Amino acid sequence: MAQVVGQREEVLALARDVAAGQVLRAADLRVVQVATDTGVVPLAERDSVLGKRARVPLVAGSLLAQRQVGTRAAFPPKGFAQVSLAVEPGGAPPDLTRGERVAVLPGPTGAVPKPEGQGVSAVVGTVTGVRASESAGGPRVVTVLVETAAARRATQVEHPRVVVLPAEGREAP
């Protein structure tokens with residue numbers, strides 16, 4: 001099916017970030033004009049998404065798809081958990097953003113509890129949120145999506161450091 005170049009349609013986009021499970025409100029949405037794309041919510045269907053819950057985290061500026069809203073959240077996905085960590089100043093890059101692949105490591109004075117003779121292993125995951133410090137010099141809260149099996153280990157890291165990993169590939173941090 002060919003599309004006419006330059007033909008634009010009014011569709012819904014996110015005006016701000018919306019957490020998974022949060023009810024979608026009018027203030028969360030804005031109207032944008034884009035070349036027609038299947039799967040996005042046209043302005044005419046705005047009422048069909050208002051009052052529904054975000055099934056996944058929604059990012060400001062992205063186009064809204066019908067499958068992203070429903071009666072309940074579908075996040076985190078099966079086999080994964082979100083872990084929030086208090087990261088002290090200098091413990092993560094200042095420009096850390098959602099979507100980055102990271103390794104969570106113990107800080108210089110902390111360690112992951114481990115059996116005798118085993119080294120400290122990093123927990124690898126994806127940043128799902130970064131909240132600024134509530135006080136000057138205080139910790140930022142970094143939320144990371146990790147495999148469920150690694151969640152407990154991630155919560156036991158003392159003075160966590162967050163290191164950004166390459167977007168692709170395998171590493172042994």
Side-chain angles (χ1 to χ4, degrees), residues 12-25 27-29 39 41 49-114 118-135 137-173:
L12 298 178
L14 280 298
R16 59 180 158 219
D17 292 347
V18 177
Q22 183 177 327
V23 173
L24 206 57
R25 302 190 192 301
D28 298 326
L29 302 172
V41 180
V49 296
L50 290 177
K52 293 202 175 164
R53 295 193 181 279
R55 297 188 75 224
V56 296
L58 304 174
V59 180
S62 63
L63 300 177
L64 182 65
Q66 193 71 40
R67 69 184 179 280
Q68 294 175 311
V69 297
T71 56
R72 62 183 173 82
F75 192 86
K78 186 176 181 176
F80 290 86
Q82 289 193 98
V83 177
S84 292
L85 307 163
V87 179
E88 298 294 329
D95 58 348
L96 185 67
T97 59
R98 202 175 351 182
E100 292 188 281
R101 260 180 92 234
V102 296
V104 177
L105 301 164
T109 59
V112 176
K114 58 192 178 295
Q118 288 189 357
V120 175
S121 62
V123 176
V124 175
T126 303
V127 175
T128 59
V130 179
R131 193 171 69 220
S133 171
E134 293 181 5
S135 62
R140 287 188 290 170
V141 176
V142 177
T143 304
V144 181
L145 182 69
V146 300
E147 290 183 7
T148 303
R152 182 180 177 116
R153 195 173 69 223
T155 62
Q156 293 175 337
V157 173
E158 294 181 28
H159 308 286
R161 288 183 302 131
V162 177
V163 177
V164 176
L165 300 173
E168 296 179 17
R170 295 178 58 117
E171 310 75 21

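Because the structure is predicted, anything quoted here is derived from the model rather than measured. For this chain, numbers begin at 1 and follow the sequence in order.
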Verdict with reasoning, Val49 to Leu29, per side-chain contact (heavy atoms from CB on, under 4.5 Å): CA-CA 10 Å; Val49 296; Leu29 302 172; 4.2 Å; yes

Measuring only between side-chain heavy atoms, which start at C-beta, is Leu85 closer than 4.5 Å to Val157? no

Not counting sequence neighbours, which residues clear side chain to side chain donor-acceptor pair (under 3.5 Å) with Arg25? List them please. none

Check whether any side-chain heavy atom of Leu165 lies under 4.5 Å from a side-chain heavy atom of Val124, and answer yes or no. yes

The test is side-chain contact (heavy atoms from CB on, under 4.5 Å); show your working for Phe75 and Arg55 and say whether it passes. CA-CA 6 Å; Phe75 192 86; Arg55 297 188 75 224; over 6 Å; no

Over 12 non-hydrogen atoms of neighbours within 6.0 angstrom of CD in Gln22: yes

For Val87 versus Pro160, what's the shortest heavy-atom pair and its separation? CG1-O, 3.8 Å

In chain order, what residues pass the side-chain contact (heavy atoms from CB on, under 4.5 Å) check against Thr126, with sequence neighbours excluded? Arg101

What's the shortest heavy-atom distance between Ala81 and Ala151, and which atoms? CB-CB, 4.0 Å

For Ala73 and Ala20, the nearest pair of non-hydrogen atoms, with its separation, is CB-C, 4.1 Å

Is Lys52 close to Leu24 at the side-chain level, that is, under 4.5 Å between some pair of heavy atoms? no

Minimal non-hydrogen separation, Thr71 against Arg53, with atom names: O-CD, 3.5 Å

Given side chains that start at C-beta, do those of Thr97 and Val127 come closer than 4.5 Å, heavy atoms only? no

For Arg16, all residues meeting salt bridge (Lys or Arg N to Asp or Glu O under 4.0 Å), sequence neighbours excluded: Asp28

All pairs passing salt bridge (charged side-chain N to carboxylate O under 4.0 Å, His left out) where residues 86-98 contributes a residue, at least two apart: Asp17-Arg98

How far does CG of Leu12 sit from CD of Gln68, to the nearest 0.5 angstrom? 11.0 Å

Just do the side-chain contact (heavy atoms from CB on, under 4.5 Å) check on Thr128 and Val144 with the steps written out, would you? CA-CA 5 Å; Thr128 59; Val144 181; over 6 Å; no

Is there a side-chain contact between Val162 and Leu105 (heavy atoms, below 4.5 Å)? no

Contacts of Pro94 meeting side-chain contact (heavy atoms from CB on, under 4.5 Å) (sequence neighbours excluded), chain-then-number -> none

Looking at Gln156 and Arg153, would you say the former's side chain and the latter's main chain have a donor-acceptor pair under 3.5 Å? no

In chain order, what residues pass the salt bridge (Lys or Arg N to Asp or Glu O under 4.0 Å) check against Arg72, with sequence neighbours excluded? none

Would a distance-only check, ignoring hydrogens and angles, find a side-chain to backbone donor-acceptor pair under 3.5 Å from Arg161 to Pro106? yes

Partners meeting side-chain contact (heavy atoms from CB on, under 4.5 Å) with Arg140 (sequence neighbours left out): Ala92, Leu96, Val130

State, to 0.1 Å, how close Leu14 and Val59 come at their nearest heavy-atom pair, and which atoms those are. CB-O, 3.5 Å

Closest non-hydrogen atom pair, Pro89 against Gly137: CG-O, 3.4 Å

For Ser84, check side-chain contact (heavy atoms from CB on, under 4.5 Å) against everything at least two apart and list the hits. Val141, Thr143

Less than 4.5 Å apart, side chain to side chain, heavy atoms only: is that true for Leu64 and Val69? yes

